[in-house]
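Right, one structure below, let's go through it.
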Amino acid sequence: AKLDGRGTYRFFEPEMDARMQARRKLELDMRQALARREFQLHYQPQLQLQSGALSGCEALIRWHHPERGLVSPLDFIPLAEEIGLIVPIGEWVIRQACRDAMTWPAHMSVAVNVSPAQFKSDRLVETIISALASSGLPARRLEVEITEGVLLQENEKTLQTLHRLRELGVRVSMDDFGTGYSSLSYLRSFPFDKIKIDRSFVKDLTSKPDGEAIIRAIAGLGKSLGMTTVAEGVETSEQMQRIRLEGCTDVQGYLISKPIPTEDLAQVFASYPQA
Ligand code: C2E
Ligand code: CA
Ligand code: CA
Ligand code: CA
């Protein structure tokens, strides 16, 4: 705030005003995007290193904005979180992902990202139960990816929700592992099925001395805890070889496939052995 000539406070600079307006416009557009069917899911497969088979795909949301074209989830998910729209959007993601996965080979699972506000909403578990029932997807083929943000305000309810999902047979993954402050302590509070090692560590693998140390440590940790360890953002075969050596069980990244629409997955599925 700034004191203007008349002794009153002006809260918004012109640029600030423009930014607020752009934000408000994005918000209005986002409120209509679901009804206008502007969201789409792309899927990125994960490869099991030992069997050489694909184990499942992660669902990643895409927004085709009528004027702006493709808007990155990094640009609208945080805003959707803030204004609560993530709940209906996330519900759409879960239902669509379950329906799409039903068209895949029976061993393929689907992973959905669930952000903190969505995880806290009372509807999450009911939504998942309903999406599984109406699509016919077995619970064990659905995976929920959460980040540290979900566990940050760790309380009874968070853990209760995680356990309810687990009782349903849904699997739970810790996403972006190693990027937050207390990834390790969260592994102690809940038995995750899978650890996803953040892309930044994969990048360091071949670019920094001792870049493999962290991946090796996480892979070892996962192994002793009986968790799958997926390295994210694998782009080169050199990275994949190193990751295999360090003991990760799975890889995901452009080397296997970029995220693509469900219609295009069959071609990718066909080029790998069935599990
Ligand atoms: P994330 O969950 O960590 O997803 C992985 C991101 O890395 C995706 O970006 C993916 O396209 C990208 N990626 C995968 N392989 C590679 C690679 O080899 N190289 C590089 N450079 N990038 C790779 P995307 O699709 O832009 O999504 C960004 C983030 O937005 C996600 O990060 C996730 O946090 C969030 N997000 C995406 N879809 C959803 C959703 O449906 N719900 C929620 N709550 N969040 C979502
Ligand atoms: Ca994820
Ligand atoms: Ca991630
Ligand atoms: Ca991320």
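Each ligand, and each atom within it, is numbered from 1 in the order the structure gives.
- Ligand 1 places these atoms under 4.0 Å from at least one heavy atom of Gln44: 14 (C), 15 (N).
- Taking every non-hydrogen atom of Glu235 and a distance limit under 4.0 Å, the qualifying atoms of ligand 1 come out as 17 (C), 18 (O), 19 (N), 20 (C), 21 (N).
- Backbone or side-chain N, O or S atoms of Asp175 reach the Ca ion (ligand 3) at under 3.0 Å.
- Looking at Ser134, its side chain does come within 3.5 Å of a backbone N or O of Ser130 through a donor-acceptor pair.
- Residue Ser115 has at least one heavy-atom neighbour below 4.0 Å for each of these atoms of ligand 1: 44 (N).
- Heavy-atom distances between Arg62 and ligand 1 reach below 4.0 Å in at least one pair.
- Glu82 pairs by the side-chain contact (heavy atoms from CB on, under 4.5 Å) definition with Arg23, not counting sequence neighbours.
- Ranked by closest heavy atom to atom 45 (N) of ligand 1, the top entry among Val93, Ile61, Ile89, Asn113 is Asn113.
- If you look at Pro259 next to ligand 1, the close heavy atoms, those under 4.0 Å, all belong to the side chain.
- Remark: side-chain polar atoms of Ser224 are paired, donor with acceptor, to backbone N or O of Gly220 under 3.5 angstrom.
- Ser173 places no side-chain N or O within 3.5 Å of a backbone atom of Asp175 that could act as its donor or acceptor partner.
- Of all the atoms in ligand 1, the ones that sit under 4.0 Å from a non-hydrogen atom of Leu74 are 28 (C), 29 (C).
- Between Trp92 and Phe39, the ring planes are tilted. Angles from 30° to 60° get that label.
- Between the side chain of Ser109 and the main chain of Ser55, a donor-acceptor pair closer than 3.5 Å is present.
- In terms of modelled atom types and a separation under 3.5 Å, the side chain of Thr229 and the main chain of Ile195 share no donor-acceptor contact.
- Ion pairing between Asp122 and Lys157 holds under the 4.0 Å rule for side-chain N and carboxylate O.
- Contact between Glu58 and ligand 1 is present, with at least one heavy atom of the residue lying under 4.0 Å from the ligand.
- By the side-chain contact (heavy atoms from CB on, under 4.5 Å) test, Glu91 is found to be paired with Arg95, Arg123, Thr127, residues two or more places apart in sequence or in another chain being considered.
- Remark: Glu126 engages Arg164 in a salt bridge, criterion side-chain N to carboxylate O under 4.0 Å.
- Screening Lys25, Gln32, Arg31 for a side chain to side chain donor-acceptor pair (under 3.5 Å) involving Asp29 leaves a single residue, Lys25.
- Contact annotation: for Leu60 versus ligand 1, heavy atoms closer than 4.0 Å belong to both the backbone and the side chain.
- For Ser173, every N, O or S atom stays at 3.0 Å or more from the Ca ion (ligand 2).
- No other N/O/S atom of Glu145 lies as close to the Ca ion (ligand 2) as OE1 does.
- The ligand atoms of ligand 1 that sit less than 4.0 angstrom from a heavy atom of Asp176 are 3 (O).
- Heavy-atom contacts of Gly253 reach the following atoms of ligand 1: 15 (N), 18 (O) (cutoff under 4.0 Å).
- Of all N/O/S atoms in Glu58, OE2 sits nearest the Ca ion (ligand 2).
- At the Ca ion (ligand 3), the vertex angle linking OD1 of Asp176 with OE1 of Glu232 is 100° (nearest 10 degrees).
- Checking side-chain atoms of Arg166 against main-chain N and O of Val172 turns up no donor-acceptor pair under 3.5 Å.
- Residue contacts with ligand 1 for Val234 involve N, CA, C or O but no side-chain atom from C-beta outward (heavy atoms, distance under 4.0 Å).
- With distances taken over non-hydrogen atoms, the option nearest atom 22 (N) of ligand 1 out of Lys196, Glu81, Arg199 is Arg199.
- Not a single heavy atom of Gly90 sits under 4.0 Å from any atom of ligand 1.
- In Asp175, the part holding a heavy atom less than 4.0 Å from any atom of ligand 1 is the side chain.
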